[in-house]
Amino acid sequence: MIYVGINYFSPCIRRLNATHQIGCTSAIHGNTGVLHYIDNDASLNWLVNKGPHGPYIPLMTADMFTFKNLQMLQKSGKINGIMVIHLADQAPPSGGFSPDYQCPNQEYGLYPDSDCSQFPWNPLGSGMMYVDYEYPIFAMTDENEVRHLIQYYYKENNPVNDTIPEYPLCAVQLSDRMHAAKDTETCMRRSSRYTNMEQFVYCDPLGNQNVFGFLKPTNKSEPLQNNSLIIAASKLDSDTLFYNMSPVAGAENDVTGFVTLLSVIEALGRLSQETKDNMSNIMFTFFQGESWDYIGSSRMVYDMQRDSFPNVLVEDLDQPALVSLSHISHFLELRQLGLLNASKLWVHSDPRSQQVDPRVGPENKKIYDALHAAGVQNDIDVNRIINTALPPASLQQFLKRGNISGVVVTDHEHKFANRFYQSRFDLPGLLNADYDNQTEEYISPLAEQLNNVSSVIAQALYTLAYPNGTDVMKTDLTVTNQLLYCFMYRPNCTLLRTVLSSDNARKLANRAYSRYVGVYRADVKNQNSFLVSHLLHYYLGEAIPNVTNKEHCHDLDMKDAVYAYGYISGVDGNGSCVRSMSYESPALSPAFLLEDWTSTEYSTWTESRWTGYSARAFYVSSKAQQTIILSIGVIILLVSLVTVYFIDKKSDILFSQERESSY
Amino acid sequence: MDLKRVANPDKLDLCRTYYKGGFFCLPFLWIVNFIWFFKDAFIKEEFPQQKQMRTYIIHSAIGSVVWLAIIASWVVVYQIYRPIWQPFADYIAFIIPKGIP
């Protein structure tokens, strides 16, 4: 066998925005290079300084795969691709690793012109995710395959005592050719060209569905009052340098935030109808695509400004009330919450809006006071940060369009506690939430901590929505723990089976779903949006008595534009029809609605298409030997051609059979 | 049609038709003309129509060379400037390449 297939890896793919292409691609038929194992500086330097067999494809350990080393390799001009070892049981780099910028999403946020180097939120960020590589970079995720590659290397390619290894050498071919190029404008334009004979799509906009729901029903017959709606928000997505990475990363980056919010919703949803009637309405919102320049939040704000959120109003139809920016009284956003230091929670607010609008400051203080008071009850030390900009947050999109009082709650002060922001190492194990080989009953330390945080949030939201209320809000530890278990470890869990219809429950996977936003398809939800929307429906909804079958429930859903109806398995598994005010809205950047593909205002990220990716190893002989073999082949071809020509010419003599003349 | 069986005057007619046809931006007719009648015009024994045929063939050859030069230079120029002439270069193309600007 000439080739040995390599099957378990995650490629780095190409994405494009208004001005750039980022990520990786191979040549059309893949990139080939001699295998070189880089596990320390010496082997790196050998390749860069000596390495006579170029081009190489190094196999790098996670510790050696830094942006600095990568640039060094690139500068040497000797590499044709990179493989990075990423095995589940390996310790993450001790120095931290983040491929995102030091100030993530800054350009499309609230402070595009501020000097990032002064207050970097993500000081370990190298920005290597946003660089255009002209060669493939694959993360190798299978232990056996990695071991084999290293074995091949030591057998054939290893320069012992600085001797130059001799041919034949072990080589690798990596292939992940990307179809889009240059920028979003170019690939979108090409995709819509009718003269293109292939009718080919080169790239797709990133996006998915935002999920949101109301504590209390609204109706357009009673429009919302100004400053009457509280928004509690979080984001659903994160990403890494590699596509479809396994194990799924983003534990701290996204899960801690949205699980906390879900746990809050569960607690508030349990309140009696009477209490809810006395409260201001709360809209719970989960944004998608926030990692890619705030796709979900920018779209929601865009819709709100155009009187089309949640829906465009249609006459003669009962619909939910419109929500616009002026209706928002408070905005409370949850970001990374899994790495509390000394039980300290940090409340960030935007200094500018407080200066511009005198009403914002006192209201922000009110949110902080509510959080602080709730913190005291739950042994969480809630601290306030004044006079510094907001961390990357969806709230920035709302503040860009209006002065809204709002805060962002995080586990960090001036820089992320997460040392692996947007990287493949952002895993549950680092957060004391190792559910591997644990039963669903196991309560992780992270769940206990997050449950305290969610109690604080729930209490604060309750106080804001019902200043005279006397309930003490406590979120349920088993719920918080279940949520973590389901999203971080195994979606096929009791909780999610409960909130889905039995058909959907059967499809639940036993491994966490990727939380990369993916490309936008109208009305298609990615797994994460899908699950969260069902949880929201379950927590905020009420069972409709006397509806015992799915079809009836579906009929109700079709007829009613105000409520959403869904048939769920329920705790007992008997099934029930639940109605709630929870919905989805498109998380597709307005830039694609406006077909303004060079927008500087809205996210323009697209993902290139590709036909496939593959990797394989094989033996390669020296250039001289290859040339000799080819030359011999060509000579044999020529000789045989000449021979056949002469045989044909003299065939009468050679084959002296009588020929019948047929012409 | 077998050219061997065609009489010389008819050959000249055919050659002329192809020669004229080439003027309608059909340089391939000139190329075919040249290939078909080269032997008749230059190698075969003299016949009355040969002189006229030679003129047509030479002109056809010149015409096709000029055309080839024009097409080749356009292809080269287009391929070099295609990334720079965006989006115009895509608008005049029927097959748009993948993975390159």
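Shortest non-hydrogen contact noted between B:I100 and A:R190 is O-NH1, 3.0 Å. Annotation for B:P101 and A:A181: closest pair N-CB, 3.6 Å, computed over non-hydrogen atoms.
Counting heavy atoms from C-beta on, the side chains of B:K98 and A:W610 never come closer than 4.5 Å.
Under a cut-off of 6.0 angstrom, the local environment of OH in B:Y81 is sparse, with at most 12 non-hydrogen atoms contributed by other residues, nucleotides or ligands. Atom CZ of B:F28 sits in a sparse spot, with 12 or fewer heavy atoms from other residues, nucleotides or ligands closer than 6.0 Å. More than 12 heavy atoms of other residues, nucleotides or ligands lie within 6.0 Å of CD in A:Q71, so this atom counts as buried by the packing criterion. Counted within 6.0 Å of OH on B:Y78, heavy atoms from surrounding residues, nucleotides or ligands total more than 12; the atom is thus considered enclosed. By the 6.0 Å contact criterion, OH on A:Y8 is open, its count of non-hydrogen atoms from other residues, nucleotides or ligands being 12 or less.
From B:I96, atom CD1 reaches atom NE2 of A:H179 across 13.5 Å, with rounding to the nearest 0.5 Å.
Neither the backbone nor the side chain of A:R609 has a heavy atom closer than 4.5 Å to any heavy atom of chain B.
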